[in-house]
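Structure, as structure tokens:
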Amino acid sequence: MSIQKSYETAKEIYAGLGVDTEKALDAMNKFVLSVHCWQGDDVGGFESSGASLDGGLAATGNYPGKARTPEELRKDMTKAFEFIPGLKKANIHAMYLESDSSKKVDRDEIEPKHFDGWVNWAKEQKIGIDFNPTYFSHPKASDGFTLSSSDEGIRQFWVEHTKRCRKISEYIGRQTGVRSINNIWIPDGYKDFTVDKAGPRERLMRSLDESIAEMLDPGATADAVESKLFGIGSESYVVGSHEFYLCYVMRNKNLLLTLDAGHFHPLETISGKISTIMMFIVEMLLHVSRPVRWDSDHVVALDDELLAICQEIARGGYDYRMNVALDYFDASINRIAAWIIGCRNTQKAMLRAYLEPYELLKKAEAEGDLTKRLALGEELKSYPFNSVWDYYCEINNVPVREKWLDGVEKYENDVLSKRI
């Protein structure tokens, strides 16, 4: 059966539950996914800071062909985009700058011009770019503290870095015509027994207040703050906790709160937090990852939690107040395939959420018909979602099902295998 015929059959089946597949596809055409550049180079960056990857981060594996230059990284992302349907943005860190001189540009010296290569590429791709200050893998973060450092010189260094990143994000947004979200995450914390938990948080609050004091163009950029439960080297105490940033965003209504799927206790899910938090804040940023025994940034799989996250977005009508980005890095497999798998899985989950007969399920629940709620929920798992997904890929001119793998294998043979 052709993809078109399979879709028409699926369309009729879903209509029996009151689900309009065309409406779901239209919603997917508006869904934007921010794709993280650091999957392609193992979170290395291009600044040559002299510091190894640290700050609670670790990329494992040595699969051949990783990007070694900005040009190679952008080329790899461009190739990945060929196999990912829908609207996309690129997500980059400050350490992915490009210096136009032999002089090392430190993080308190970065300027918009150091990201013109990314801006020009984004214009060619007709996409936007999200941004992130980089507070790890740097000599001035070697003791595990940045914006909350008790060393005033180091604290001010990172405040200046944050200020400059905000201006860069604004510049990117203006140049591309797509708002750039500037996401602030710091690795600050202690490995073991901690006495003074308030002091570092007071310094972090002061640093954030100083950093975001200047009002920037809201059409070009927005700031977000991201929490974490623990990191390598901060297992016992993290300064930027979920409670800290939740309260800080409540005080600063112009900020976005970032929830990362891997930054909480293993039995704690972000899908369960979304509806509550969205009652009190204007906008949210989600970092979609897959934790395996805590934060470990595995390639996103089409699992229950991913579907639950997307269901909360669709059920709550949060589409226009929610920003979804990917955040993982796996160096044990083909890095381009890792992008494609994670992106397509996230989009599949979002499409499945849009195909849910939410009003029907909600009505059954409200009437106390929990039998019907459960029965429908289980039967939906075998509905022909895959036929709608195949059709979505076809109308977006990307390979259907696993056919994208042929293109990735050819690129590996022609390009990646030649990188030494």
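Residues: numbered from 1 along the sequence shown. Because the structure is a prediction, the values reported are computed rather than measured.
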Answer yes or no: is there an ion pair linking [X] with [Y], defined by an N-O contact shorter than 4.0 Å?
{"X": "Arg74", "Y": "Glu124", "answer": "no"}
{"X": "Glu214", "Y": "Arg166", "answer": "no"}
{"X": "Asp108", "Y": "Arg164", "answer": "no"}
{"X": "Asp406", "Y": "Lys410", "answer": "no"}
{"X": "Lys363", "Y": "Glu359", "answer": "no"}
{"X": "Asp414", "Y": "Lys79", "answer": "no"}
{"X": "Arg251", "Y": "Asp209", "answer": "yes"}
{"X": "Glu378", "Y": "Lys381", "answer": "yes"}

Using every non-hydrogen atom in the two residues, find where [X] and [Y] come nearest and quote the distance to one decimal.
{"X": "Ile181", "Y": "Ala224", "result": "CG2-CB, 4.1 Å"}
{"X": "Gly377", "Y": "Leu361", "result": "N-CD2, 4.2 Å"}
{"X": "Cys343", "Y": "Tyr328", "result": "N-OH, 4.1 Å"}

Do Phe136 and His93 have ring centres separated by under 6.0 Å?
->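 Yes, they do, as the ring centres are separated by less than 6.0 Å.
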
Could you tell me if the ring centre of Tyr171 sits under 6.0 Å from that of Phe115?
->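 No, ring centres 6.0 Å or more apart.
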
Starting at [atom1] of [X], measure out to [atom2] of [Y] and round the result to the nearest 0.5 Å.
{"X": "Leu374", "Y": "Glu365", "atom1": "CG", "atom2": "CD", "answer": "11.5 Å"}
{"X": "Leu351", "Y": "Leu307", "atom1": "CG", "atom2": "CG", "answer": "10.5 Å"}
{"X": "Ile168", "Y": "Ser180", "atom1": "CD1", "atom2": "OG", "answer": "10.0 Å"}
{"X": "Ile154", "Y": "Ser142", "atom1": "CD1", "atom2": "OG", "answer": "6.5 Å"}
{"X": "Phe83", "Y": "Asn397", "atom1": "CZ", "atom2": "CG", "answer": "13.0 Å"}

Is there side-chain contact between [X] and [Y], with at least one heavy-atom pair below 4.5 Å?
{"X": "His265", "Y": "Leu229", "result": "yes"}
{"X": "Leu306", "Y": "Asp303", "result": "yes"}
{"X": "Leu73", "Y": "Trp121", "result": "no"}
{"X": "Arg155", "Y": "Phe145", "result": "no"}
{"X": "Phe264", "Y": "Ser227", "result": "yes"}
{"X": "His114", "Y": "Phe46", "result": "no"}
{"X": "Val159", "Y": "Leu147", "result": "yes"}
{"X": "Thr258", "Y": "Trp185", "result": "no"}

Is the backbone of [Y] close enough, under 3.5 Å, to the side chain of [X] for a donor and an acceptor to pair up by distance?
{"X": "Ser296", "Y": "His298", "value": "no"}
{"X": "Ser234", "Y": "Gly231", "value": "yes"}
{"X": "Asp223", "Y": "Leu255", "value": "no"}
{"X": "Arg321", "Y": "Met278", "value": "yes"}
{"X": "Thr134", "Y": "Ala94", "value": "yes"}
{"X": "Arg203", "Y": "Glu152", "value": "no"}
{"X": "Asn323", "Y": "Met284", "value": "yes"}
{"X": "Asp151", "Y": "Gly153", "value": "yes"}
{"X": "Asp390", "Y": "Glu394", "value": "no"}
{"X": "Lys88", "Y": "Gly86", "value": "yes"}

Please assess Asn91 against Trp38 for the test side chain to side chain donor-acceptor pair (under 3.5 Å), listing each intermediate value before the final yes or no.
-> CA-CA 8 Å; Asn91 200 1; Trp38 49 94; over 6 Å; no

Sole candidate of Lys23, Met28, Lys30 that passes side chain to side chain contact (heavy atoms under 4.5 Å, CB included) when paired with Asp26 |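 Considering Lys23, Met28, Lys30, a side chain to side chain contact (heavy atoms under 4.5 Å, CB included) with Asp26 is found only for Lys30.
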
The single option from Leu208, Leu204, Val225, Thr162 passing side chain to side chain contact (heavy atoms under 4.5 Å, CB included) against Ile186 |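 Testing Ile186 for a side chain to side chain contact (heavy atoms under 4.5 Å, CB included) against Leu208, Leu204, Val225, Thr162 leaves exactly one candidate, Leu204.
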
Listed by chain and number, what are the salt bridge (charged side-chain N to carboxylate O under 4.0 Å, His left out) partners of Glu71, not counting sequence neighbours?
->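 Partners of Glu71 by the salt bridge (charged side-chain N to carboxylate O under 4.0 Å, His left out) criterion come out as none, since no residue qualifies.
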
Salt bridge (charged side-chain N to carboxylate O under 4.0 Å, His left out) with Glu202: which residues, sequence neighbours excluded?
->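 None.
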
Ring pair (Phe, Tyr, Trp, His ring centres under 6.0 Å) against Tyr354, all qualifying residues, sequence neighbours excluded |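 So Tyr354 forms no ring pair (Phe, Tyr, Trp, His ring centres under 6.0 Å) with any residue.
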
Test ring pair (Phe, Tyr, Trp, His ring centres under 6.0 Å) applied to Phe230 - qualifying residues, sequence neighbours left out =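 Only Trp294 meet the ring pair (Phe, Tyr, Trp, His ring centres under 6.0 Å) criterion with Phe230.
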
Other residues, nucleotides and ligands only: do more than 12 of their heavy atoms fall within 6.0 Å of [atom1] on [X]?
{"X": "Lys123", "atom1": "NZ", "value": "yes"}
{"X": "Lys273", "atom1": "NZ", "value": "yes"}
{"X": "Asn62", "atom1": "CG", "value": "no"}
{"X": "Asn120", "atom1": "CG", "value": "yes"}

Geometric class of the Trp158/Tyr135 ring pair [parallel <30°, tilted 30-60°, perpendicular >60°] |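 Rings of Tyr135 and Trp158: tilted, 30 to 60°.
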
side-chain contact (heavy atoms from CB on, under 4.5 Å) assessment of Leu17 paired with Leu380 | CA-CA 10 Å; Leu17 288 178; Leu380 279 166; 3.7 Å; yes

Output, in order, the C-alpha distance, side-chain angles, deciding distance and verdict of side chain to side chain donor-acceptor pair (under 3.5 Å) for Gln156 and Glu160.
-> CA-CA 6 Å; Gln156 284 298 327; Glu160 180 63 23; over 6 Å; no

Could you walk me through whether Asp297 and Ser289 pass the side chain to side chain donor-acceptor pair (under 3.5 Å) check?
-> CA-CA 6 Å; Asp297 293 310; Ser289 183; 3.1 Å; yes

Does any pair with a residue in residues 333-350 pass salt bridge (charged side-chain N to carboxylate O under 4.0 Å, His left out), and if so which ones, sequence neighbours excluded?
->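 Every salt bridge (charged side-chain N to carboxylate O under 4.0 Å, His left out) pair that includes a residue of residues 333-350, provided the two are not neighbours, is Asp42-Arg335.
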
Run the side-chain donor-acceptor check on residues 236-245: report pairs under 3.5 Å with partners two or more places apart or on a different chain.
from	atom 1	to	atom 2	distance (Å)
Ser236	OG	Lys191	O	2.8
Tyr237	OH	Lys197	O	2.6
Ser241	OG	Phe244	N	3.2

Should His36 and Asn132 be marked as a side chain to side chain donor-acceptor pair (under 3.5 Å) after you check the CA-CA gap, both sets of side-chain angles, and the distance that decides it?
-> CA-CA 10 Å; His36 57 313; Asn132 305 260; over 6 Å; no

